Enquirer: 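I'd like to ask some things about the structure below.
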Amino acid sequence: MRIAVPNKGRLHDPTLELLDRAGIGVENGADRQLYADTVDPEITVLYARAADIPEYVADGAADVGITGYDQVRESGVDDVAELLDLDFGKCRLVLAAPEDGDIAEPGDLDGKTVATEFPTVTREYFDGLGVDPEIVEVTGATELTPHVEMADAIVDITSTGTTLRVNRLGIVDEVLQSSVRLFAREDVRDDPKVRQVETALRSVLDASGKRYLMLNAPEDRLDDVKDVLPGLGGPTVLDVDEPGTVAVHAVVEERAVFEAVNDLKDVGASGILVTEIERLVE
Ligand SMILES: Nc1ncnc2c1ncn2[C@@H]1O[C@H](COP(=O)(O)OP(=O)(O)OP(=O)(O)O)[C@@H](O)[C@H]1O
Ligand SMILES: O=P(O)(O)OC[C@H]1O[C@H](OP(=O)(O)OP(=O)(O)O)[C@H](O)[C@@H]1O
Ligand SMILES: [Mg+2]
């Protein structure tokens with residue numbers, strides 16, 4: 001089974017880190033290499049440009065891919081199925097125009113020029129509005145084009161908004177929201193290995209923002225302890241050597257830990273241990 005992942009750019013590191021946390025870390029993945037092994041002998045990683053990954057998956061060069069939703073949409077491939085929203089690489093594709101210009105709404109661009117690295121998505125967007133600008137494809141530094149009279153507006157990625165601000169461009173409309181997705185070719189989406197990869201990655205997402213709590217409590221206060229712990233499906237209660245004492249384990253939302261620990265102490269808990277969770281398979 002082959003997973004296509006971004007070979008460089010801002011998605012490269014977080015993608016490899018996620019695979020690592022999911023237990024399918026890349027081994028001997030030296031820079032500029034096309035393929036790398038993972039700790040699972042049946043899984044190979046293929047490094048590709050973020051924009052090429054949907055095509056690689058659709059064509060069979062890889063079975064599953066990890067890249068931005070914007071790239072999946074731009075590639076226009078339709079025989080891939082999204083398996084997971086991996087919740088990073090969050091950004092928006094927006095229509096933006098010079099702040100001091102006269103483009104106030106998308107309709108103002110009829111017959112005008114829009115520069116973008118995303119011509120397919122941009123054309124679909126304007127078609128949906130019944131507006132017909134000329135679309136000029138560029139391969140980078142899109143924000144410059146309105147200032148050199150190449151375009152009246154752009155469709156480009158924004159997250160913090162810094163790049164638009166620096167280039168004195170204002171958002172006219174949102175075209176789409178994006179984040180990184182795991183997707184598979186339709187004909188392999190139900191293969192056991194693909195399912196295993198999906199489960200492994202989901203387990204990392206499910207563990208994020210959660211903590212594992214372990215503590216000892218007097219047996220006769222167990223009901224109070226259970227009331228305090230908003231654990232997933234209730235806590236696990238274990239016997240310990242000390243008579244009259246039980247050990248309690250529970251998964252707790254990170255933001256609830258502070259209050260839970262204080263409340264647990266109030267109901268007689270001791271030896272409270274809070275740990276990170278790497279993966280959580282439900
Ligand atoms: N500012 C940003 N904030 C969040 N996510 C972003 C941002 N810019 C890009 N992305 C996401 O990362 C993907 C890849 O962008 P990146 O800039 O890493 O690669 P690229 O510019 O396509 O690569 P290359 O250097 O090969 O041209 C985008 O398609 C988008 O999904
Ligand atoms: O809203 P912001 O936080 O400013 O982010 C937006 C910028 O981020 C991306 O560029 P990137 O940094 O990936 O550089 P690139 O043009 O080399 O791809 C994107 O193309 C925008 O230019
Ligand atoms: Mg970029």
Side-chain angles (χ1 to χ4, degrees), residues 3-19 26 29-36 45-58 61-62 64-77 80-99 114-125 135-148 150-184 201 205 208:
I3 310 178
V5 307
N7 61 347
K8 59 191 176 87
R10 63 177 70 223
L11 302 184
H12 175 76
D13 287 348
T15 300
L16 291 193
E17 199 176 302
L18 176 64
L19 288 174
V26 170
D31 264 2
R32 317 247 157 228
Q33 184 173 299
L34 189 56
Y35 295 107
V45 157
L46 164 67
Y47 292 119
R49 283 197 59 203
D52 295 335
I53 289 175
E55 204 67 62
Y56 279 31
V57 172
V64 304
I66 297 179
T67 194
Y69 175 66
D70 52 346
Q71 302 292 1
V72 179
R73 284 285 305 277
E74 180 59 26
S75 71
V77 300
V80 300
E82 184 176 316
L83 303 180
L84 282 179
D85 184 340
L86 299 174
D87 210 37
F88 65 96
K90 288 186 185 176
C91 56
R92 300 190 296 153
L93 207 55
V94 295
L95 174 65
E99 277 166 356
V114 177
T116 185
E117 287 182 59
F118 297 86
T120 302
V121 173
T122 301
R123 179 48 75 199
E124 278 172 16
Y125 163 77
I135 293 167
V136 175
E137 182 172 358
V138 293
T139 55
T142 316
E143 296 90 350
L144 293 179
T145 57
H147 299 294
V148 293
M150 255 186 76
D152 300 292
I154 64 169
V155 167
D156 200 15
I157 289 168
T158 183
S159 53
T160 64
T162 309
T163 310
L164 291 177
R165 211 162 32 244
V166 165
N167 289 285
R168 302 187 311 282
L169 298 167
I171 295 176
V172 176
D173 196 12
E174 180 178 290
V175 175
L176 65 80
Q177 294 185 354
S178 183
S179 57
V180 173
R181 311 288 163 92
L182 172 75
F183 54 94
L201 293 176
L205 301 177
S208 87

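One is the number of the first residue; the rest follow in order along the sequence. Not measured: the values here are computed from a predicted model. Start at 1 and go down the list; that is how both ligands and their atoms are numbered.
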Enquirer: Please confirm whether Gly161 comes under 4.0 Å of ligand 2, counting heavy atoms of the residue only.
Expert: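 The answer is yes: ligand 2 sits under 4.0 Å from a heavy atom of Gly161.
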
Enquirer: Show the atoms of ligand 2 that are less than 4.0 angstrom away from any heavy atom in Thr162.
Expert: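 Every atom of ligand 2 under 4.0 Å from some heavy atom of Thr162: 1 (O), 4 (O).
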
Enquirer: Which atoms of ligand 1 are found less than 4.0 Å from any heavy atom of Gly68?
Expert: 31 (O)

Enquirer: At a 4.0 Å threshold, what atoms of ligand 2 neighbour a non-hydrogen atom of Arg10?
Expert: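 Answer, ordered by atom number: 8 (O), 9 (C), 10 (O), 11 (P), 12 (O), 13 (O).
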
Enquirer: State, to 0.1 Å, how close Ala62 and Leu46 come at their nearest heavy-atom pair, and which atoms those are.
Expert: CB-CD2, 4.1 Å

Enquirer: Of all the atoms in ligand 1, which lie at a distance below 4.0 Å from a heavy atom belonging to Gly9?
Expert: 18 (O)

Enquirer: How close do Ala184 and Val57 get, counting heavy atoms only, and between which atoms?
Expert: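 Nearest heavy atoms, Ala184 then Val57: C-CG1, 4.0 Å.
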
Enquirer: With the threshold set at under 4.0 angstrom, would you say Glu143 reaches ligand 2 through any of its heavy atoms?
Expert: yes

Enquirer: With a 4.0 Å cut-off on heavy atoms, is Gly89 touching ligand 1?
Expert: yes

Enquirer: What is the minimum heavy-atom distance between Pro6 and Ile66, and which atoms define it?
Expert: CD-O, 3.2 Å

Enquirer: For Asp87, is there any backbone N or O sitting under 3.5 Å from a side-chain donor or acceptor partner on Ser179?
Expert: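 No; zero donor-acceptor contacts below 3.5 Å.
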
Enquirer: Could you say whether the N/O atoms of Thr158 and ligand 1 ever approach to under 3.5 Å?
Expert: no

Enquirer: If we only count heavy atoms from C-beta on, is the Val175 to Phe118 side-chain gap below 4.5 Å?
Expert: no

Enquirer: How does Glu117 reach ligand 2, if at all, at less than 4.0 Å between non-hydrogen atoms: by side chain, backbone, both, or neither?
Expert: neither

Enquirer: Heavy-atom contacts under 4.0 Å between Gln71 and ligand 1: side chain, backbone, both, or neither?
Expert: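 Side chain only.
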
Enquirer: Within the 4.0 Å heavy-atom shell around Thr160, which atoms of ligand 2 are there?
Expert: 1 (O), 2 (P), 3 (O), 4 (O)

Enquirer: What heavy-atom pair brings Tyr69 and Gln177 nearest, and what distance separates the two atoms?
Expert: CD2-O, 3.5 Å

Enquirer: With the side chain counted from C-beta on, respond yes when Val180 and Gln71 share a heavy-atom pair under 4.5 Å apart, and no when they do not.
Expert: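 The answer is no; the side chains never approach within 4.5 Å.
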
Enquirer: Looking only at non-hydrogen atoms, find the nearest pair between Ile154 and Thr142 and report the distance.
Expert: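 Residues Ile154 and Thr142, closest heavy atoms: CG2-O, 3.4 Å.
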
Enquirer: Can you confirm, on distance only, whether ligand 2 has an N/O atom lying under 3.5 Å from any N/O atom belonging to Ile157?
Expert: no

Enquirer: Given Asp70, Leu11, Asp52, which one has a non-hydrogen atom that is nearest to atom 31 (O) of ligand 1?
Expert: Asp70

Enquirer: Mark yes when over 12 heavy atoms from residues, nucleotides or ligands other than Tyr56 sit less than 6.0 Å from its OH; otherwise mark no.
Expert: no

Enquirer: Go through ligand 1 atom by atom and flag the ones less than 4.0 Å from a non-hydrogen atom of Lys8.
Expert: 24 (P), 25 (O), 26 (O)

